[in-house]
Number of protein chains: 2
Amino acid sequence: MTKTIETAFNIVETILELEKAGVAELADELNKPTSTVHDYLQGLEEIGCVVNDNGTYRVGSRFLSIGTRMRSQLEIYEMAKPELQNLAAKTGEHASLMIEENNYGVVLYTATGERAVQVDIHDGDISRLHTTAPGKAILANFSSERAEAIIDHYELTPRTPHTITEKSEIFEELDDIREQGYAIDREELFEGMQGVGRPIVVGDNVIGAISVYGPTGRMDESKITEKVSDMVLETVNVIEVSLKY
Amino acid sequence: MTKTIETAFNIVETILELEKAGVAELADELNKPTSTVHDYLQGLEEIGCVVNDNGTYRVGSRFLSIGTRMRSQLEIYEMAKPELQNLAAKTGEHASLMIEENNYGVVLYTATGERAVQVDIHDGDISRLHTTAPGKAILANFSSERAEAIIDHYELTPRTPHTITEKSEIFEELDDIREQGYAIDREELFEGMQGVGRPIVVGDNVIGAISVYGPTGRMDESKITEKVSDMVLETVNVIEVSLKY
DNA sequence: AGAACTGTCCGGATAATCCGGACAATTAAG
DNA sequence: CTTAATTGTCCGGATTATCCGGACAGTTCT
């Protein structure tokens with residue numbers, strides 16, 4: 001159903017992968033006739049979804065526009081943004097806000113500290129919840145039925161050599177996280193990067209999670225438990241209070 | 001052509017206007033049968049474009065994902081981003097990067113200073129080039145034929161009481177801007193806000209423009225000509241050098 | 001308990017997608 | 001410099017996905 005929309009997005013994603021592309025190149029990549037691809041591109045151009053620089057197309061700014069307007073409508077984003085900038089400044093690393101959407105974790109916003117390493121991660125990126133520190137913090141605070149339902153949706157393929165691939169192991173860790181209040185990512189998402197995450201809880205609902213990530217050298221486990229974890233907690237507390245008014 | 005894609009985006013934009021909405025509400029707003037709207041929503045949900053919270057829909061994070069990935073592929077964004085943060089910190093106001101796309105100005109990124117007033121503007125927002133300081137800076141550095149072609153696409157309806165509505169007046173101002181190197185927005189986009197913009201030029205091409213906006217009280221014309229304009233120039237110079245390697 | 005809403009599902013008429021083919025323009029090769 | 005190959009664009013009609021009326025069950029008001 002709605003096959004048209006799906007192929008439209010496929011075309012956009014393909015352009016994104018190639019950075020820019022012509023009709024023939026895209027048609028080849030998508031195994032579709034050039035005439036069909038051309039029809040789509042023309043339609044997509046009319047509504048600002050792609051931009052045509054004499055023959056080669058790139059993705060247009062319409063997506064950015066819709067995406068940022070959507071984000072600004074989320075109260076949690078507006079409350080968290082300035083606090084994340086504080087947190088990034090204090091730690092010098094990456095500070096992010098994650099929410100759950102459709103069984104996956106979505107990074108809504110990342111503030112970048114002075115010393116933060118350059119990683120190729122963007123606002124809007126999605127990941128399986130058990131593969132990140134903030135994702136695990138969210139999972140740990142869902143009901144066990146809901147957490148299990150989510151995990152069952154996933155294929156537990158590893159992302160890095162350190163990614164957990166055993167369901168039982170995940171649940172063991174979730175227990176620990178619930179107890180100590182924060183989750184640690186030990187190079188499970190990116191090799192060489194460690195992070196700590198804490199849930200944002202208002203009433204009985206987990207609204208999202210805050211995390212700080214940095215290179216393993218600067219973010220070893222003792223530093224997390226001694227300092228960074230507390231800074232994240234402070235940030236979370238401020239956000240939780242803002243959300244309650 | 002590609003009517004399906006167009007209505008899909010209409011639905012998304014309508015949800016955005018209503019923040020969240022149900023099938024019936026949307027069907028009513030769009031003058032379409034509920035069954036049709038339902039079909040679309042189901043398709044859009046499957047690909048992460050909308051999210052269904054038991055009956056009411058909101059826009060999903062897929063747009064944010066595509067938008068930010070697109071943005072990161074633009075060299076000018078990557079070069080300008082840290083400089084804009086500097087500029088925002090130094091001035092305390094809003095510092096933005098604008099590019100031209102499809103005859104309109106697109107704000108790719110805005111850094112927010114400490115004292116910056118809260119305005120409802122987002123990354124990805126588009127505007128007619130002659131209604132903003134950076135837009136005028138871009139226009140002034142296009143060839144006069146290209147500038148005229150762009151202006152002719154517009155309806156010169158005012159946005160605020162100060163918006164220029166006479167074609168001849170626009171071109172007079174573009175001459176001044178080319179001479180003095182920067183453009184000023186005198187409450188033409190937002191009442192109570194003034195701004196200054198400068199073009200980013202590499203070789204013979206205008207790649208974009210940098211601007212600083214603030215409340216008229218703090219951004220009067222003498223302050224712009226004496227101080228802010230120079231800060232913007234510094235920023236532009238750094239970016240231009242980065243782009244040339 | 002009834003009425004008026006909802007969101008969801010089905011199936012077929014309708015109309016848009018989809019694509020083969022032809023064309024000119026540009027680029028690559030000979 | 002000529003030829004061949006490849007490109008983006010356009011057309012028109014067969015195909016098939018869209019589109020919508022109608023029916024249904026679940027909620028929320030009256």
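Letters go in sequence order (proteins before strands), and every chain restarts at 1.
- Rounded to whole Å, atom P of D:dT18 lies 8 Å from atom CD1 of A:I5.
- Protein atom CD of B:E29 is 13 Å distant from nucleotide atom P of C:dT6, rounded to whole Å.
- For B:S35 and C:dC10, the shortest distance from a side-chain N or O to OP1 or OP2 is not below 4.0 Å.
- Between the CG atom of A:L30 and the C1' atom of C:dC18 there is a distance of 14 Å, given to the nearest Å.
- Residues A:K3 and A:T56 both approach DNA chain D. Their nearest nucleotides, taken by heavy-atom distance, put A:T56 toward the 5′ side.
- The only option from B:L174, B:I177, B:V206 that meets the side-chain contact (heavy atoms from CB on, under 4.5 Å) definition with B:L139 turns out to be B:L174.
- Whole-Å rounding puts the B:K32 NZ to D:dT18 P distance at 14 Å.
- Out of D:dT18, D:dT9, D:dT7, the shortest distance to the side chain of A:A24 is found at D:dT7.
- Here D:dC10 presents its C1' atom at 18 Å from OH of A:Y40, a figure rounded to the nearest Å.
- Contact check for A:E100 versus A:Y104: no side-chain heavy atoms found under the 4.5 Å cut-off.
- For the pair B:D28 CG and C:dG7 P, the computed distance is 11 Å after rounding to whole Å.
- OP1 or OP2 of C:dT8 lies within a sub-4.0 Å distance of a side-chain N or O belonging to B:H38.
- For B:T34 and D:dC20, the shortest distance from a side-chain N or O to OP1 or OP2 is not below 4.0 Å.
- Taking atom CG of B:D39 as the reference point, atom P of C:dG12 lies 16 Å away to the nearest angstrom.
- Checking D:dG8, C:dT8, C:dT17 against the side-chain heavy atoms of B:Y57 singles out C:dT8 as nearest.
- Considering only side-chain N and O atoms, A:Q42 lies nowhere under 4.0 angstrom from the phosphate OP1 or OP2 of D:dG8.
- Between B:V202 and B:K244 the shortest side-chain heavy-atom distance falls below 4.5 Å.
- Mapping B:P33 and A:E25 onto DNA chain D by nearest heavy atom places A:E25 closer to the 5' end of the strand.
- Remark: B:T36 is in phosphate contact with D:dC20, judged by side-chain N or O atoms under 4.0 Å from OP1 or OP2.
- One can place CG of B:N31 at 15 Å from P of D:dC19, the figure rounded to the nearest angstrom.
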>> Walk me through whether A:Y40 and A:T7 qualify under side-chain hydrogen bond (donor to acceptor under 3.5 Å, both in side chains).
In response: CA-CA 9 Å; A:Y40 272 93; A:T7 57; 2.7 Å; yes
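- Both the sub-6.0 Å distance and the 45° axial angle are not jointly satisfied by A:R69 relative to the ring of B:F63.
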